[in-house]
Number of protein chains: 2
Amino acid sequence: MYDVFQQYLNNKITLTDEEAFQIRQCALFKKIRKRQYLLQEGDVWRYDAFIARGCIRSYSIDENGVEHVIGFGIENWWIGDRESLLSGQPSRFNIDAVEDSEVILFTHTKFEELCASIPVFGHMINQILQRSFIASQNRIQAALSNTAEEKYLAFIEKYSAFVNRLPLSMIASYLGITPETLSRIRKTVGRK
Amino acid sequence: MYDVFQQYLNNKITLTDEEAFQIRQCALFKKIRKRQYLLQEGDVWRYDAFIARGCIRSYSIDENGVEHVIGFGIENWWIGDRESLLSGQPSRFNIDAVEDSEVILFTHTKFEELCASIPVFGHMINQILQRSFIASQNRIQAALSNTAEEKYLAFIEKYSAFVNRLPLSMIASYLGITPETLSRIRKTVGRK
DNA sequence: TTATACGTTTGATCTATGTCAAGTTTTTTT
DNA sequence: AAAAAAACTTGACATAGATCAAACGTATAA
């Protein structure tokens with residue numbers, strides 16, 4: 001399972017054997033079954049986590065018990081709750097597996113040591129963070145400017161790798177619309 | 001005008017005189033009048049920018065000519081378009097002044113050198129980036145979960161420093177509602 | 001100081017999307 | 001393979017918020 005991550009690193013940066021070894025030493029492995037939690041609301045999130053296999057979502061639950069999907073991740077994506085990580089406060093989010101998944105965890109303190117001692121690694125992580133920020137800015141813009149149908153079309157355009165792995169209800173939640181509305185949109189738009 | 005930034009730095013980190021000097025050497029100063037652009041759609045954004053005085057917004061314009069406010073900034077905030085900065089591509093956003101403002105600019109290449117050569121500074125910047133990311137995640141969650149009224153109440157709660165400096169129409173745009181709707185919400189909710 | 005433009009309020013409608021409910025299909029469990 | 005549980009679809013109806021239009025205030029500029 002580590003080889004997925006090793007491959008990911010190789011594609012992005014060049015490491016000495018020693019550095020690669022150092023990183024590997026910090027990795028913790030975790031398999032989670034479909035619907036199993038990686039993080040539950042109220043717990044503190046202390047990791048940097050890489051998805052080696054599977055599909056995972058993070059979401060909040062509002063006062064009416066309705067789930068709101070904040071994000072999805074598949075192979076080669078990072079997930080977690082940076083707010084809880086940074087603040088040390090209990091998380092307001094849940095993270096669970098949409099499919100049986102494999103995750104590589106790094107405890108955050110060790111991870112920061114790695115970032116500091118292997119600058120090229122730290123730099124890579126920083127880039128990822130910046131991209132996540134940009135992506136969420138774009139999502140905000142899309143949410144503000146677009147109709148339900150436009151948001152859906154943009155979603156399948158951008159996340160084509162996800163579409164067939166996610167139940168309709170989760171996509172609807174991610175887009176901020178009801179499952180019924182998404183079902184009707186799909187009928188008119190075609191399944192693509 | 002630099003003293004605002006110096007003060008900001010002092011509150012966050014400790015620098016040697018030499019380091020403080022190095023940073024100052026890279027600063028460019030810019031005054032912009034109300035409604036003047038700092039960035040126009042189509043231009044490439046190449047700076048890291050700190051607001052020393054005033055109030056600034058960034059927004060996009062959709063195909064119908066409607067503006068969508070992505071974010072606001074006041075004294076001690078950073079602004080810019082990280083997507084254009086990182087990609088080198090023309091920006092899809094506009095940034096202009098809501099009030100007469102003063103901005104400190106650092107060309108991004110110099111800024112990165114500073115981050116690398118003064119680790120405590122780089123670390124501070126990184127923290128800010130992380131917080132921005134967290135803030136935008138939270139904004140997404142709010143946009144998904146809340147009604148127009150709840151979004152407005154959360155806004156005045158969180159951005160009380162802004163509320164009286166921004167025209168209603170810009171706040172409405174930021175929240176993704178029409179000015180008419182916000183006007184009606186204010187009527188029922190009271191001006192607070 | 002007056003004129004002009006810009007922003008806000010208010011009212012009357014309209015519409016995209018939500019809600020509720022019942023059926024159908026698919027997936028999971030036994 | 002059958003039963004039970006999720007997930008999805010479809011229809012009828014409800015509503016939050018949008019749109020259009022006109023009047024009213026309040027800054028900006030001549």
Side-chain angles (χ1 to χ4, degrees), chain A residues 32-36 54-55 57 59 62-69 72 96-100 142-156 162-192, chain B residues 32-36 54-55 57 59 61-69 72 96-101 142-156 162-192:
Chain A
I32 49 175
R33 311 286 279 291
K34 184 168 176 173
R35 244 167 253 146
Q36 194 182 329
C55 182
R57 73 174 167 147
Y59 59 99
D62 70 22
E63 64 279 7
N64 307 313
V66 180
E67 296 178 359
H68 299 281
V69 174
F72 298 113
D96 67 14
V98 177
E99 310 167 351
D100 293 354
L144 293 180
S145 322
N146 299 337
T147 63
E149 181 170 326
E150 288 165 342
K151 284 190 272 184
Y152 176 64
L153 291 172
F155 180 82
I156 58 178
F162 287 51
V163 175
N164 300 307
R165 297 169 71 173
L166 297 171
L168 168 146
S169 57
M170 288 187 194
I171 297 176
S173 171
Y174 179 89
L175 298 175
I177 62 181
T178 59
E180 292 94 331
T181 297
L182 182 52
S183 178
R184 285 185 249 261
I185 288 171
R186 276 191 167 169
K187 195 163 66 164
T188 67
V189 150
R191 206 55 52 92
K192 290 287 155 96
Chain B
I32 48 175
R33 311 286 280 289
K34 184 170 176 170
R35 241 167 255 147
Q36 194 182 327
C55 183
R57 72 175 168 148
Y59 59 98
I61 301 178
D62 70 22
E63 64 279 7
N64 308 313
V66 180
E67 295 178 359
H68 299 280
V69 174
F72 299 114
D96 68 15
V98 176
E99 310 167 351
D100 293 355
S101 302
L144 293 180
S145 322
N146 299 336
T147 64
E149 181 170 326
E150 288 165 343
K151 284 190 271 185
Y152 175 64
L153 291 173
F155 179 82
I156 58 178
F162 287 54
V163 174
N164 300 308
R165 296 169 71 173
L166 297 171
L168 167 148
S169 57
M170 286 186 195
I171 297 176
S173 170
Y174 180 89
L175 298 175
I177 61 181
T178 58
E180 291 94 333
T181 296
L182 182 51
S183 177
R184 285 185 250 261
I185 287 171
R186 277 191 166 169
K187 194 162 66 166
T188 67
V189 150
R191 205 56 53 92
K192 292 288 155 95

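In the text below, chain A, chain B and the rest are named by the order of the sequence lines, each starting its count at 1.
- Remark: C1' of D/dA7 and CE of A/M170 are 10 Å apart, rounded to the nearest angstrom.
- Scored by the side chain to side chain donor-acceptor pair (under 3.5 Å) test, A/R165 finds A/E75, A/E99 as partners (sequence neighbours excluded).
- B/L166 has its CG atom 15 Å from the P atom of D/dA27, to the nearest Å.
- Between the axis at the start and the axis at the end of the helix from C/dT1-D/dA30 to C/dT30-D/dA1 there is an angle of 60°, using five pairs per end and rounding to 10 degrees.
- The pair A/R57-A/D96 meets the salt-bridge criterion, with a side-chain N (NZ, NE, NH1 or NH2) lying under 4.0 Å from an Asp/Glu carboxylate O.
- Here the shortest heavy-atom pairing between A/R186 and A/V163 reads NH2-CG1, 4.0 Å.
- The separation between B/L175 atom CG and D/dA16 atom P is 18 Å, rounded to whole Å.
- Regarding B/K151, its NZ atom lies at a distance of 13 Å from the C1' atom of D/dA18, rounded to whole Å.
- In this structure, A/K34 and A/V98 approach most closely via the heavy-atom pair CG-O, 3.4 Å.
- In this structure, OH of B/Y152 is placed 17 Å from C1' of D/dG17, rounded to the nearest angstrom.
- Atom CG in A/L168 sits roughly 7 Å away from atom C1' in D/dC8 (whole-Å rounding).
- Take A/T181 and apply the side chain to side chain donor-acceptor pair (under 3.5 Å) test, not counting sequence neighbours, and it matches A/T178.
- Residue B/S169 places at least one side-chain N or O under 4.0 Å from the OP1 or OP2 atom of C/dT8.
- Remark: A/K187 is in phosphate contact with D/dT10, judged by side-chain N or O atoms under 4.0 Å from OP1 or OP2.
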A correct 5'-to-3' footprint of nucleotides 15-30 of chain C, with B, S and - meaning base, sugar-phosphate only and no protein heavy atom under 4.0 Å, is --SSBB-------S--

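- When every heavy atom of B/L166 is checked against every heavy atom of B/I171, the shortest pair comes out as CB-CG1, 3.9 Å.
- With sequence neighbours excluded, no residue forms a salt bridge (charged side-chain N to carboxylate O under 4.0 Å, His left out) with B/R184.
- Using a 4.0 Å heavy-atom cutoff across all strands shown, B/P179 reaches no nucleic acid atom at all.
- Between B/F155 and B/F72, the ring planes are perpendicular. Angles over 60° get that label, and only those under 30° would be called parallel.
- Listed by chain and number, the residues in a ring pair (Phe, Tyr, Trp, His ring centres under 6.0 Å) with A/Y59 amount to none (sequence neighbours excluded).
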